[in-house]
Protein chains: 4
Amino acid sequence: MAPELRADAARNRARVLATARAQLAEHGSALPMNEIARQAGVGVGTVYRHFPTRQALLEALVVDSLARLASEADRACAEPNPLTALERLLRSAFGLLADSPGLDAVLADGAPQYPEALNLLGGFAASVDQVLARARAAGVVRAELAADDIRRLMCGMQHAIQTGGDVASKVDLYAQVLVAGLKAPEGAARADDSSQPPARGQSVPGDSRARGR
Amino acid sequence: MAPELRADAARNRARVLATARAQLAEHGSALPMNEIARQAGVGVGTVYRHFPTRQALLEALVVDSLARLASEADRACAEPNPLTALERLLRSAFGLLADSPGLDAVLADGAPQYPEALNLLGGFAASVDQVLARARAAGVVRAELAADDIRRLMCGMQHAIQTGGDVASKVDLYAQVLVAGLKAPEGAARADDSSQPPARGQSVPGDSRARGR
Amino acid sequence: MAPELRADAARNRARVLATARAQLAEHGSALPMNEIARQAGVGVGTVYRHFPTRQALLEALVVDSLARLASEADRACAEPNPLTALERLLRSAFGLLADSPGLDAVLADGAPQYPEALNLLGGFAASVDQVLARARAAGVVRAELAADDIRRLMCGMQHAIQTGGDVASKVDLYAQVLVAGLKAPEGAARADDSSQPPARGQSVPGDSRARGR
Amino acid sequence: MAPELRADAARNRARVLATARAQLAEHGSALPMNEIARQAGVGVGTVYRHFPTRQALLEALVVDSLARLASEADRACAEPNPLTALERLLRSAFGLLADSPGLDAVLADGAPQYPEALNLLGGFAASVDQVLARARAAGVVRAELAADDIRRLMCGMQHAIQTGGDVASKVDLYAQVLVAGLKAPEGAARADDSSQPPARGQSVPGDSRARGR
DNA sequence: GATGAATGAGATTTCATTCAT
DNA sequence: GATGAATGAAATCTCATTCAT
């Protein structure tokens with residue numbers, strides 16, 4: 001589906017990506033295009049050809065993480081218990097956000113330029129939607145929350161984590177705060193939600209890897 | 001206490017602040033120094049003399065809001081019920097954050113350059129500390145939370161609010177989520193905490209940060 | 001003699017030429033290769049295959065004019081009066097230069113890449129040589145002038161014409177200036193030069209360059 | 001009259017000019033701005049601040065030559081004999097053109113951006129006008145020629161000189177050709193032109209600069 | 001060969017920050 | 001100190017030319 005890059009072009013693209021990834025890890029998401037071009041040993045024009053905007057470059061850098069985000073969310077859909085499903089989804093997402101510099105920026109932007117990133121983000125949103133719908137039906141989360149609120153709140157928590165030191169230890173704590181905060185205020189879980197989750201993605205019960213890292 | 005600015009300098013400072021405030025309201029916290037100088041009718045150097053960094057300018061712009069933040073937090077300390085006190089504190093803070101563009105950035109930075117801002121933020125932190133200590137003593141909030149976590153989480157929520165449209169309606173919702181998330185997981189509130197709030201400005205024992213990771 | 005282009009290649013070549021001609025007429029001799037390729041509906045590579053350099057393309061565009069230039073010069077050789085012959089030659093050349101955008105550039109370059117253009121230019125030079133030799137023998141032009149000076153001076157005049165507005169009216173005036181300037185300073189025309197012009201393409205004695213500086 | 005450059009700015013300006021002059025001498029009037037900035041040890045922005053366009057830079061590079069051109073032309077005005085005056089003017093101009101790379105481009109452009117260059121060129125034109133008026137009055141030059149034609153023809157001759165090798169020896173020859181070409185076709189000098197040249201620097205009726213462009 | 005996507009050198013602009021006056 | 005002209009790093013775009021397919 002992608003236009004089958006020419007071999008040399010693919011090589012250059014890869015070089016740029018590698019350089020940009022190093023920059024991202026070291027100097028954050030500023031991603032100076034000229035500097036990246038220089039370090040990658042290509043002209044600026046080449047960088048711009050492959051990645052018309054800094055946002056596009058950022059998306060390309062996190063597309064793998066985005067894929068994992070979507071896939072983990074999909075797997076969470078298979079979890080029978082609605083609340084557990086939501087928790088799994090959030091924890092895996094937090095783990096990825098913590099490990100993938102730049103992912104938060106793309107998630108915060110909400111509207112990727114690249115179709116691939118857009119699709120992946122859409123898939124993630126769909127999974128969130130589904131998990132959320134079940135949780136809501138079960139009465140275990142606030143009824144006012146939509147899938148997009150989850151995205152925003154995740155970004156917010158990530159921001160809180162990065163706003164200060166002691167990052168590692170905060171991931172868990174803030175994740176717990178968020179999960180707890182999403183729950184329906186009362187203990188008023190609705191009667192029954194034994195509806196089996198849809199077969200999507202087929203799951204493994206007890207895939208309990210909590211948070212990454 | 002301030003070095004008594006010369007009259008013209010004071011006038012320039014005021015002009016710069018006014019212009020910067022307008023910019024902040026209109027174009028966000030980018031605060032282009034050249035542009036502000038131009039609009040204020042002064043040289044860039046003058047802007048830099050009064051405000052060595054953008055952060056300093058930002059602090060100067062929100063110092064009033066910061067004062068109100070501290071004062072509202074102080075008032076919350078007077079609230080007898082520990083949980084109510086915390087809720088009051090958070091709600092007032094959220095209200096101010098929503099109304100004061102730039103305040104979130106200063107809060108997120110955590111370490112103001114200007115003594116005045118630093119003091120105000122310190123006062124706010126002290127109030128939070130106190131309210132939190134009482135709440136923790138009453139068992140109504142997670143034991144792991146320190147005052148600085150409250151600051152960070154507030155910034156995170158603010159970030160979540162701004163990451164997307166529909167800002168107005170999200171303020172309340174996300175504030176509720178945060179308040180709920182902070183509460184101790186179990187209904188295990190300790191027997192009674194009708195103890196009067198400690199005298200203002202005084203620290204509270206047991207302020208230790210809880211578990212490491 | 002040309003390697004018999006494949007039918008499609010010939011069609012492409014023709015398209016490129018047509019497009020380039022339009023560009024030349026409209027936007028001068030800048031001839032942006034990418035743009036021409038785009039307008040001609042071919043790839044840039046195709047343009048470069050047919051015309052390795054902009055100069056080559058230019059030569060191809062003016063080859064007809066070059067042919068007419070050579071042919072008119074050849075006809076001028078037949079004129080019995082040596083001065084009239086020179087004048088005819090120059091006037092026809094100026095007429096062509098004025099009507100053929102790009103011809104001046106090829107003439108100024110002096111050393112075409114394409115054999116065809118090179119031959120035509122050589123033919124023109126030979127005619128100039130011959131006319132000049134007779135004029136010199138008759139004492140009606142400066143003895144120091146060689147055929148190549150004529151070429152250069154023609155280019156110079158063309159440049160003068162284009163350096164400023166009012167092009168049409170200047171063609172004649174500057175041509176007259178040149179013709180007059182070439183004439184031998186004194187009225188010292190040598191006795192008679194009714195000798196028939198030598199056979200075409202043959203060189204002429206007395207072509208020596210005169211005084212150095 | 002000039003805005004009194006700051007000392008460091010003047011130093012930078014001088015550096016840029018020196019570098020540009022070297023480029024001009026070595027690689028012609030292409031004047032790559034980035035390269036000049038690099039070699040001069042300044043940022044591109046600095047080059048652009050001092051010289052907004054390549055043409056402006058070129059003008060700055062030849063302003064001295066332009067001054068000498070104007071001054072020599074002014075001196076030629078003092079020459080009593082109208083034809084000699086014209087010849088002196090042209091010869092000095094050709095000498096300068098041959099020695100000042102870039103001067104021809106500015107002369108050919110005809111409309112400098114910099115006031116200083118514009119004034120100097122205007123002064124030159126005025127002198128040409130005056131010399132020409134006298135020569136015309138004396139009947140020694142073609143009546144159709146205006147001062148601007150002289151400028152254009154000079155540029156044309158310069159072009160002819162540069163279009164080919166043997167530059168040194170052509171300067172004189174082509175200058176002679178031009179001078180001769182400008183003379184009135186017939187020996188029909190008008191009766192008398194013993195009128196003394198006007199005092200130097202003083203204006204002459206009919207001093208109007210020819211075409212404004 | 002024929003093709004056009006891909007390349008990189010350079011042009012030009014913007015803007016935060018410095019520093020001579 | 002107060003000032004704003006001056007600086008240069010980086011952003012972004014254009015285009016002639018190359019070269020993998």
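To find a chain, count down the sequence lines: A is the first, B the second, and so on, and within it residues start at 1.
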* Structure fact -> Walking DNA chain E from its 5' end, the first of Leu31(B) and Asp8(D) to be reached, judged by nearest nucleotide, is Leu31(B)
* Arg54(B) CZ to dC15(E) P: how many Å, rounded? -> 12 Å
* Structure fact -> Glu35(C) CD to dT17(F) P, in whole Å, measures 16 Å
* Specify the separation, in whole Å, of atom OH of Tyr48(D) and atom P of dC15(E). => 17 Å
* Asked: What does Val42(A) touch in the nucleic acid at a heavy-atom separation under 4.0 angstrom: a base, only the sugar-phosphate, or nothing?
  -> sugar-phosphate
* Whole-Å gap separating C1' (dA5(E)) and CG (Asn34(C)) -> 11 Å
* Structure fact -> CG (Leu58(B)) and CG (Leu24(B)) are apart, to the nearest 0.5 Å, by 6.5 Å
* Structure fact -> note: Arg6(A), atom CZ; dT7(E), atom C1'; distance rounded to Å ~ 8 Å
* Structure fact -> Of dT7(E), dT7(F), dG1(F), the nucleotide closest to the side chain of Thr46(D) is dT7(F)
* **Minimum-distance nucleotide (side-chain atoms of Ala7(D) versus dT12(F), dA20(E), dT7(F))** => dA20(E)
* Quick check: are there more than 12 heavy atoms from other residues, nucleotides or ligands sitting under 6.0 Å from CD of Gln39(C)? -> yes
* Selection from dT18(E), dC13(F), dT7(F) that lies nearest to any side-chain heavy atom of Val44(B) -> dT18(E)
* To do: Respond yes when some side-chain nitrogen or oxygen of His50(A) is under 4.0 Å from OP1 or OP2 of dT7(E), and no when none is.
  => yes
* Structure fact -> If pairing means Watson-Crick or G-U wobble with both distances under 3.5 Å, then the partner of dA2(E) is dT21(F)
* Gln55(B) side chain to Pro112(B) main-chain N or O, any donor-acceptor pair under 3.5 Å? -> no
* Structure fact -> Closest non-hydrogen atoms of Leu31(C) and Ala20(C), given as atom of the first, atom of the second and distance, are CD2-O, 3.7 Å
* Structure fact -> By nearest-heavy-atom nucleotide on DNA chain E, the more 5' of Ala30(B) and Thr53(D) is Thr53(D)
* Asked: What is the distance from CE of Met33(A) to C1' of dT13(E), rounded to the nearest Å?
  -> 17 Å
* Round to the nearest Å and state the distance from Arg13(D) atom CZ to dT7(F) atom C1'. => 16 Å
* Structure fact -> Between Phe51(D) and Ala60(D), the two heavy atoms sitting closest are CE2-CB, 3.5 Å
* Distance in angstrom units between Asn12(D) CG and dC19(E) P, rounded -> 13 Å
